[in-house]
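Remember, predicted model here, so these are calculated numbers, not experimental data.
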Amino acid sequence: MIISWNSTNQCNMYCDHCYRESGEASIGELTTEEAKTLINEIKKAGFMIMIFSGGEPLMRPDIVELIAHASKVGLRPVIGSNGTLLTETLVRHLKEAGALRIGISLDSLDVAKHNSLRKYDQAFEEAVRGMDLCNEAGLEFQIHTTVMKWNLNELDALTDFAVNKGAKAHHIFFLIPTGRGLQIEGDMLSESEYEEVLNQILEKQKTVPIELKPTCAPQFMRIAKEKDIEMRFTKGCIAGSSYCIISPKGDVQPCAYFDLRVGNVKETPFDQIWAQSEVFKKMRTEEYEGGCGICSYKSICGGCRARAYYNYDGDYMGEDSWCIMNKREAQ
């Protein structure tokens with residue numbers, strides 16, 4: 001079980017695709033003590049891995065303290081970052097606090113393109129420097145890439161870059177138009193490109209020693225099975241069943257791209273929200289509608305619940321319209 005906490009809305013960038021619309025800190029973000037209480041409740045709920053994300057989590061002055069607390073209670077703390085704020089001292093402190101890995105965003109090997117997406121002139125240079133600092137300190141890192149029309153031809157090269165840099169994994173995120181991402185909806189892959197890219201990623205997996213993980217693309221599990229590629233994952237979309245996300249102000253929702261509030265940890269302990277939310281209970285039934293409901297792969301895929309939510313007027317149990325299996329079933 002894995003959980004992501006957007007620890008702050010504050011960020012030193014203003015990325016075009018940011019689902020959180022990060023920039024300035026939000027009024028009412030969890031305090032240090034509220035965050036520690038949340039961490040305790042996350043552990044009580046049975047979670048194992050806790051992602052500290054943002055905004056940019058390294059902008060929280062108490063981030064090292066909170067990571068240390070998560071490690072102390074028995075969680076496995078990891079970080080999702082743009083990597084630009086890493087320093088030799090901070091990397092050492094993060095490792096000493098118990099951080100097990102940091103995900104660093106890199107969306108293009110073309111410096112100008114990466115920096116343009118991130119609206120930050122030194123984004124590429126500083127992210128790569130952060131990777132080098134992690135290597136020197138022995139803090140594991142992985143590379144995160146959001147795939148869009150303009151960089152889909154770079155994916156293989158980005159994976160090779162990750163291998164050469166010493167990354168432990170390359171996780172590839174598929175754009176879902178929420179937050180500022182709505183403004184660049186035209187950069188999303190088409191349905192046919194989506195299937196082609198998933199096949200490309202899994203073919204690449206056969207040739208590299210690091211983990212490649214499509215994210216927000218649950219059909220990768222079907223394709224991996226068809227290609228007889230062993231994965232450590234058990235299901236593609238785990239939103240609401242073994243994953244959820246918490247906003248900087250404590251709102252709980254099924255995933256980052258599924259903007260449906262099911263509770264707030266300032267009002268109700270998180271472990272109670274996780275156990276009692278009617279939305280989560282319904283999602284765990286796997287009683288999907290349309291093609292997802294009759295698909296032979298539903299137990300290992302589950303379809304993207306966020307895409308169903310946005311494409312079917314809030315029906316998060318609807319079919320994932322991007323999946324070619326739904327078209328096959330309709331024929």
Peer 1: So, does K95 use its side chain to make a donor-acceptor pair with the main chain of E140 at under 3.5 Å?
Peer 2: no
Peer 1: Given side-chain contact (heavy atoms from CB on, under 4.5 Å), test R232 with E211 step by step and report yes or no.
Peer 2: CA-CA 10 Å; R232 68 178 176 90; E211 174 186 275; 2.4 Å; yes
Peer 1: Would you check if the side chain of R76 reaches a backbone N or O of M50 as a donor-acceptor pair within less than 3.5 Å?
Peer 2: no
Peer 1: Salt-bridged, E267 to R261, with N to O below 4.0 Å?
Peer 2: yes
Peer 1: Which pair of heavy atoms, one from A70 and one from P77, lies closest together, and at what distance?
Peer 2: CB-CB, 4.2 Å
Peer 1: Taking the basic N atoms (NZ, or NE/NH1/NH2) and the acidic carboxylate oxygens, is any pair closer than 4.0 Å for D320 and R307?
Peer 2: yes
Peer 1: H17 vs R118, test: side-chain contact (heavy atoms from CB on, under 4.5 Å). Steps then yes/no.
Peer 2: CA-CA 9 Å; H17 61 308; R118 302 262 160 195; 3.7 Å; yes
Peer 1: Is the shortest distance from a Lys or Arg side-chain nitrogen in K282 or E287 to a carboxylate oxygen in the other one below 4.0 Å?
Peer 2: no
Peer 1: Between F47 and F270, is the ring centre distance below 6.0 Å?
Peer 2: yes
Peer 1: Look at R305 together with D315 and state whether they make a salt bridge at an N to O cut-off of under 4.0 Å.
Peer 2: no
Peer 1: Should D62 and R60 count as an ion pair when the cut-off is N to O under 4.0 Å?
Peer 2: yes
Peer 1: Does E193 come within less than 4.0 Å of K149, counting only side-chain N to carboxylate O?
Peer 2: yes
Peer 1: Under a 3.5 Å cutoff, is there a donor and acceptor pairing between the side chains of N115 and Q122?
Peer 2: no
Peer 1: Parallel, tilted or perpendicular: which one describes the rings of W5 and F52, with boundaries at 30° and 60°?
Peer 2: perpendicular
Peer 1: Quick test of your reading of the model: are R222 and E226 salt-bridged, counting only N-O distances below 4.0 Å?
Peer 2: yes
Peer 1: Hey, is CG on D121 packed in by over 12 heavy atoms from elsewhere, all under 6.0 Å?
Peer 2: no
Peer 1: If the plane angle is over 60° it's perpendicular, under 30° parallel, otherwise tilted; pick one for F124 and H114.
Peer 2: perpendicular
